[in-house]
2 protein chains.
Amino acid sequence: MTGGLPKGEVFSADCPSRRLLGEVTSKWGVLVLVALREGPLRWSELLRRIGGVSEKMLARTLRSFEAEGLVLRDARPVVPPHVEYSLTEAGHEVTARLVPLVAWAEEHAVRTSGAGDRAHG
Amino acid sequence: MTGGLPKGEVFSADCPSRRLLGEVTSKWGVLVLVALREGPLRWSELLRRIGGVSEKMLARTLRSFEAEGLVLRDARPVVPPHVEYSLTEAGHEVTARLVPLVAWAEEHAVRTSGAGDRAHG
DNA sequence: CAGCATCCGAGAAGATACTG
DNA sequence: CAGTATCTTCTCGGATGCTG
């Protein structure tokens, strides 16, 4: 029994879901998806918003998401280039599942970063 | 506005939530947590269940989760060693948020793996 | 402004052998 | 059974420079 998972095939080393899961849970992947969930953003906006990301990693992340069908790239041929990235429907689906996780991490980071976690209450 | 996140501090490069998030979304981290959510498992059971994991990575993952307070290690001093790992309450919290994500990945892996959604190279 | 190519170091990750 | 120790390989990811 896998108890909630469709089949529990992620536990197989060669299951394709492993790769997909790895991409959306990658260091910059989650942040890109979460950043885009409120609406389309431009390249430079993403770069500023996601603290610490390099151009290389942002580009790599966006391109793989684009190939995966999670992110849509809208490049307009104006003379200062204008490119916007947005979530596809699939992108919104996965991001919706990502947000509670990120929220949890933000809430619990304070506990684990300090020393004592005294449970009272 | 962060739209749903507590503060959206994950976007700051030095936010402690980054590290925590990185651990629970790590390649083997998600699988360990999800595997444990149905109940305690022994070392060897985890090793078999999680296809492709090495002893080293399983040990490392388990130990960091233990330090993080997500996993509980119960070692009984019997002569063939018997050690069980289980989720703490915090572990169950985060795993509950992880499962929908894994389920999504399993469902979508089939589409993205072989499907002909690739225009033409 | 929006990207890509290249080089390079650090750490992740794997295989295997060994131990209590 | 449940790990640890060690060695090697490989990927991630940062810095930089170039292009349209």
Side-chain angles (χ1 to χ4, degrees), chain A residues 10-15 18-33 35-36 40-68 71-86, chain B residues 10-15 18-33 35-36 39-68 71-86 121:
Chain A
V10 259
F11 293 115
S12 303
D14 59 342
C15 181
R18 285 270 184 100
R19 194 188 46 77
L20 184 56
L21 192 59
E23 281 182 24
V24 303
T25 63
S26 69
K27 180 176 180 181
W28 303 116
V30 306
L31 295 177
V32 165
L33 290 172
L36 286 176
L41 288 177
R42 299 179 61 173
W43 165 268
S44 54
E45 291 174 319
L46 280 167
L47 204 57
R48 265 194 309 273
R49 182 159 184 69
I50 302 174
V53 73
S54 65
E55 295 183 353
K56 176 178 142 183
M57 293 315 296
L58 182 58
R60 178 183 297 187
T61 303
L62 285 170
R63 300 223 302 162
S64 73
F65 282 165
E66 202 189 342
E68 213 72 62
V71 161
L72 194 69
R73 180 177 184 273
D74 176 35
R76 283 188 284 162
V78 290
V79 80
H82 185 99
V83 182
E84 273 191 357
Y85 294 91
S86 57
Chain B
V10 261
F11 292 116
S12 303
D14 59 344
C15 182
R18 285 268 184 101
R19 193 188 47 77
L20 183 58
L21 192 59
E23 281 183 25
V24 304
T25 62
S26 70
K27 180 177 179 182
W28 303 115
V30 306
L31 295 176
V32 165
L33 291 172
L36 286 176
L41 289 177
R42 301 179 60 173
W43 165 269
S44 56
E45 291 175 320
L46 280 167
L47 203 58
R48 264 194 311 274
R49 184 158 183 68
I50 302 174
V53 74
S54 65
E55 297 182 352
K56 176 177 140 184
M57 292 315 296
L58 182 57
R60 177 181 297 189
T61 304
L62 251 11
R63 300 222 302 163
S64 75
F65 281 165
E66 202 190 341
E68 212 72 64
V71 161
L72 193 70
R73 181 177 182 271
D74 176 34
R76 282 188 285 162
V78 290
V79 77
H82 187 99
V83 182
E84 274 191 357
Y85 293 91
S86 58

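Owing to the predicted nature of the structure, the values given are computational and were not obtained by experimental measurement. Below, read A as the first sequence line, B as the second, and so on, with proteins coming before strands; counting in each chain starts at 1. All values below come from the heavy atoms of this structure, side chains included, with hydrogens, waters and symmetry mates left out.
Considering every non-hydrogen atom in both B:Gly51 and A:Arg18, the closest pair reads O-NH2, 2.8 Å. Between B:Met57 and B:Val53, the closest heavy-atom pair is CB-CG2, 4.2 Å.
OP1 or OP2 of D:dT4 has not a single side-chain nitrogen or oxygen of B:Trp43 nearer than 4.0 Å. When the side-chain nitrogen and oxygen atoms of B:Arg42 are compared with OP1 and OP2 of D:dA2, one or more of them lie within a distance under 4.0 Å.
Listed nucleotides: D:dG17, C:dG20, D:dG13. Nearest to the side chain of A:Glu55: D:dG17. Distance from the side chain of B:Val83 is smallest to D:dG3 among D:dG3, C:dG3, D:dC1. Counting only heavy atoms from C-beta on, A:Lys56 has its side chain closest to C:dT6 among C:dT6, D:dA2, C:dG3. Which of C:dG14, D:dA2, D:dG13 sits closest to the side chain of B:Ser44 comes down to D:dA2.
Per the geometry, CG belonging to B:Leu47 stands 14 Å off C1' belonging to D:dT4, to the nearest Å. When rounded to the nearest whole Å, the span between CG of A:Leu58 and P of C:dC4 equals 10 Å. Rounded to a whole Å, the NZ atom of A:Lys27 is 11 Å from the P atom of C:dA12. Atom CG in A:Leu62 sits roughly 11 Å away from atom C1' in C:dA2 (whole-Å rounding). Computed from coordinates, the A:Met57 CE to C:dA2 C1' distance equals 17 Å when rounded to whole Å. Rounded to a whole Å, the CG atom of A:Leu46 is 13 Å from the C1' atom of C:dG3. One atom, NE2 of A:His82, and another, C1' of C:dA2, lie 11 Å apart when rounded to the nearest Å. Summarising the geometry, the separation between CG on B:Asp74 and P on D:dA2 is reported as 12 Å, rounded to the nearest angstrom.
Atom CG in A:Leu58 sits 5.5 Å away from atom CG in A:Leu47 (nearest 0.5 Å).
Residue contacts for B:Arg76: at a heavy-atom cut-off of 4.0 Å it reaches no nucleic acid atom on any strand shown.
For the pair B:Leu46 and B:Trp43, the minimum side-chain heavy-atom distance is 4.5 Å or more.
Residue B:Arg63 is the one, among A:Arg60 and B:Arg63, whose nearest nucleotide of DNA chain D lies closer to the 5' end (criterion: closest heavy atom). Remark on DNA chain C: of its neighbouring residues A:Tyr85 and B:Val53, the 5'-side contact belongs to A:Tyr85, judged by nearest-heavy-atom nucleotide.
A donor-acceptor pair under 3.5 Å is absent between the side-chain atoms of A:Ser12 and the main chain of A:Cys15, judged by distance alone.
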